[in-house]
Protein chains: 2
Amino acid sequence: MSASDLQANITADDVAVLAGVSRWTVNRAFKNNASISPATREKVMKAAQTLGYVPDLRAAALASDRSNLVALLVDDFNNPHKLVMLERLTRALRTRGWDTLLVNTLDREDAGPALMNASQRRVDATILIGIQFDDEVLATAHSARRFKKLIIFARTSQNPDTISIAVDDVAATREIAQYVMRRGYKRPLYLAGPRTVSAHLSRKETFVALWQEHTGFTPDAVSVAAYDPNLATEIIDTTLRPMAAEDRPDIVVCENDALAIGAIDCIKHRFGLKVPQDIAVIGFDDVPQAASANYRLTTYRQPISAMAEYLVDVLENSGTEDMDKMFLGKMVIRDSA
Amino acid sequence: MSASDLQANITADDVAVLAGVSRWTVNRAFKNNASISPATREKVMKAAQTLGYVPDLRAAALASDRSNLVALLVDDFNNPHKLVMLERLTRALRTRGWDTLLVNTLDREDAGPALMNASQRRVDATILIGIQFDDEVLATAHSARRFKKLIIFARTSQNPDTISIAVDDVAATREIAQYVMRRGYKRPLYLAGPRTVSAHLSRKETFVALWQEHTGFTPDAVSVAAYDPNLATEIIDTTLRPMAAEDRPDIVVCENDALAIGAIDCIKHRFGLKVPQDIAVIGFDDVPQAASANYRLTTYRQPISAMAEYLVDVLENSGTEDMDKMFLGKMVIRDSA
DNA sequence: ACGGATTTTGCACGCGCGTGCAAGAAAAAA
DNA sequence: TTTTTTCTTGCACGCGCGTGCAAAATCCGT
C-alpha cells in the first residue's frame, strides 16, 4: 500500500473543493493563456500540489479533439541518422508542447497497420520518416483513414495529400556532382539505397543524369535493400572484387552516410586500399560518426533542426496553403573525397 | 475539400446504424476476445470499412483507465546503443499491442517535467532508459505523481518503488575482468561514463575492486560526462598525451561501446598506435558498429530483445510480486582485445 | 463613492467508449 | 417438440475535461 492509493484518481473536482473554486477554474489554472487571476491560479496550484493532481490529457484530447500528439512512424533503424532525426524532432516537438508517439514500422506489410495505429490514437499529425511508405500505401492510407496531417520528413514526395519537408535533393546532388567533377574524379560509382518511391528526381537519378550531361558517360550504380552499413560493405565487396585494379571506380558517391561508412570500411579493410587516395567516398547527412577521425567523411549536411522547427510551424499553423518546403543544406568537406 | 470531411468524426454509432446493430456490438467487433458471432463481426467490419471507422483509443483509455500506452523517457541520444534499444523495445511493445510515447529528456532539469508529461498522458507505465534519472528525481517522481509502473531499463536501480530490468553488471564485469587478466594485460585504464546514480555496484566500481583483489593494484580510471564517442576520444587524448610510452595502459576497459569506439579512434588516429597490439580496447553492449571491420570490438552483449520481452511480460502481469530481473549477457570476442 | 469598462468565474452539454449485468437468441439436450 | 444450457446482444452510467457564453467580481477615473 503506497501513499499513492489513498485515492485512486484525483480529478480537477477534488482540487476544486480543496481550493474553494469551481472545477473549470482548476483546469484554467493549468492552461497557458487562460483568463485567470494570478492569485486564484496560485491557490489552485497549491491545492493541486498537495493532492498530486495533474490534468488528464486523454480527457482533454477527447473533449477538444486536439491531442497535441503526433505519431512518428519509423523504420530503417540501422541508419544512424535516424537517431539524429529522432533527437531533433522530439526536441523541437517537446520544447513547443507536442508529444510524440513512436511507431516502429516493423516490416513492409506493417505500414498499413502502423498508420492505422496512429489513426486510432487520433493524433494531430502523422510524420513519416521511414522508407517503407510508397505511394500506394500513402494513397490507401489517406483514403481509408482520417489523417489531419500526413507529413513526410526528410524525403520528398509528390503525393498531393501529403506535406513534404525535405532537403532539395536536386540542388544538393548538383552540388555534390559539381564537387566530384571539380576534383577531377572520372569513374564514379553511385551507391544507392532501396527504391521504394517512384522518384524521378531521386538523388541517384539526378546524379546519373548530371554526370551523363557533363561527361557523356553513364556512371555505374548499385543499390542495397536498406540503409545499413553492413549491406553497403557487402555490395561494395562484391562489386569491386571481380574488377581489375584499373577498372575500379575512383570515387563512390553514396546516397547517405550510412552507406558511405560501410563503403569506407570495405575499401579500407577488405581491400586494404586508402581513402581517398585509391578510392574516394562521399556521403550525405553528416551523421556524428562522419566527423570521427576514422572516417573524416566528406558529405552534405541536412539542416535537420531547421526542418524540425518548420515541422512544428506546420503543426501550429492550421491554414490550408501549401506547406511543402524544400531546404538547402551545405557540403561539409573533410578528407574522404 | 477532401473525401474525408464528408463527416467530421465517424463514431461507433454511425457504424452501428449502417450495420443494423447496437453501438456496443460495433466496439465488440474490434475487441480481440469479445463474445461476438463471426457473422455479425464481419457485418460490422464491412460497415466500418465503408465508413472508414477506427475505434477511438482516447475514449477507450478514458473509460477503461487502461491505455496500452507506455512512456519511454530517453536522453543520451549520442550513444548509438540507444537506437538499438529503441528498436527492440518498440518492436516488442508494438508486436504485443502496446504503443510508445517517446519523451526526449532534454536536459538534467527536464527530468521532472518529462515524468510529469508521461503522467498527464496517463500511461500504463513509464520506462526510463536515460541516465539523467538519479534517485532523488525518482523519489520525488514517485511521491508527487501517480505512476502505475516505473521501469528502469538496462540499468540497475536500488529504488524500491521501481522495477529494474537490466544485465547483471557484477557478473558481466567479473567476466570481463577475468578475460582481461587471462589475456595477460597488466595496466588497465577504466573509461567510465557519467555517474548519476549512487551505484556501489556499478561496472567501474566492480572492475576496480576485482582488479585490486586479484593484483593488489588499483587501476586508473577516468570518466566523461556523457556516453559520447567524441568525448571519449578527447579524454583518452588528454589522458595519454602526457604519458611516457611505457607508462601507457595496455588496455582500455570501457563502460560501453560508445566510449570504446571513441577510444579506438583516438588511439589509432591521434596517436598512430595499433589496436590491440599497442593498446587493446574492450567495450560493453555490442552495438552494430562494434562488428564492423573498422573496430572488431571485443565486448559484452546485452540480451536486449529478451529484456524487452520481459518488460512486456511485466506490463501484462499486474501481480504485485517483485519484478526486478537481472539478465546474463555474453562476451563477444573479436580483435580489439 | 459611483457608473461603466474590464477581468474573472461558473456552468450545461457533449466528446466516444467500457463495464457488468440482464434480456434475448441460438444451440444442445431431453 | 420442449427444456436447458450456452452464446450473443443491448443498455445505463460514468470516465475527466473543453467550449462558449452569461453572471459575478474587480477595476478605473471622476
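Just so it is clear, the model here is predicted, and its values are computed rather than measured. Naming: A, B, ... by sequence-line order, numbering from 1 per chain.
Remark: B:S37 is not in phosphate contact with C:dA26, judged by side-chain N or O atoms under 4.0 Å from OP1 or OP2. A sub-4.0 Å separation between OP1 or OP2 of D:dG10 and a side-chain N or O of B:T25 is present. An OP1 or OP2 oxygen of D:dC15 is reached within less than 4.0 angstrom by no side-chain nitrogen or oxygen of A:N9. Of the side-chain N and O atoms in A:N27, one or more sit less than 4.0 angstrom from OP1 or OP2 of D:dG18. Applying the 4.0 Å criterion to OP1 and OP2 of D:dG10, one finds that B:S22 has a side-chain N or O inside that range. Contact annotation: B:K43 does not reach the phosphate of D:dT9 (side-chain N/O to OP1 or OP2, under 4.0 Å).
Taking CZ from B:F153 and CZ from B:R88, the interatomic distance works out to 9.5 Å, rounded to the nearest 0.5 Å.
Counting any heavy atom pair closer than 4.0 Å across all strands shown, B:L62 reaches a base atom. Nucleic acid contact class of A:S35 (heavy atoms, under 4.0 Å, all strands): base. Within the nucleic acid shown, B:R28 comes within 4.0 Å of at least one base atom, counting heavy atoms only. Contacts of B:R23 with the nucleic acid, taken as non-hydrogen atoms under 4.0 Å apart, include base atoms.
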Assess whether side-chain contact (heavy atoms from CB on, under 4.5 Å) is satisfied between A:I165 and A:I127, documenting all intermediate values.
CA-CA 10 Å; A:I165 300 174; A:I127 305 169; over 6 Å; no
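To the nearest angstrom, P of C:dT19 lies 9 Å from CZ of B:R66. Atom CG of B:D65 and atom P of C:dG18 are 13 Å apart (whole Å). Atom C1' of nucleotide D:dG18 and atom CD1 of A:I36 are separated by 15 Å, given to the nearest angstrom. Rounded to a whole Å, the CZ atom of B:F30 is 11 Å from the P atom of C:dG18. Between the CD atom of B:Q120 and the C1' atom of D:dG16 there is a distance of 13 Å, rounded to whole Å. In this structure, CD1 of A:I10 is placed 15 Å from P of D:dC15, rounded to the nearest angstrom. Here the P atom of nucleotide D:dG18 and the CZ atom of B:R58 are 13 Å apart, to the nearest Å. A:D13 has its CG atom 12 Å from the P atom of D:dG18, to the nearest Å.
Side-chain atoms of A:A60 lie closest to D:dG18 of the nucleotides D:dG18, C:dC17, C:dT9. Closest to the B:W24 side chain, of the nucleotides D:dT19, D:dC17, C:dT19, is C:dT19. Of the candidates D:dG16, D:dT19, C:dG16, D:dT19 carries the atom nearest the A:S64 side chain, counting heavy atoms from C-beta on.
For the pair A:R58 (side chain) and B:A61 (backbone), a donor-acceptor distance under 3.5 Å is present. In this structure, the side chain of B:T11 engages the main chain of B:D13 through a donor-acceptor pair within 3.5 Å.
Counting heavy atoms from C-beta on, the side chains of B:R66 and B:N68 come closer than 4.5 Å.
A salt bridge does not link A:R91 to B:D107: none of the charged nitrogens lies less than 4.0 Å from a carboxylate oxygen.
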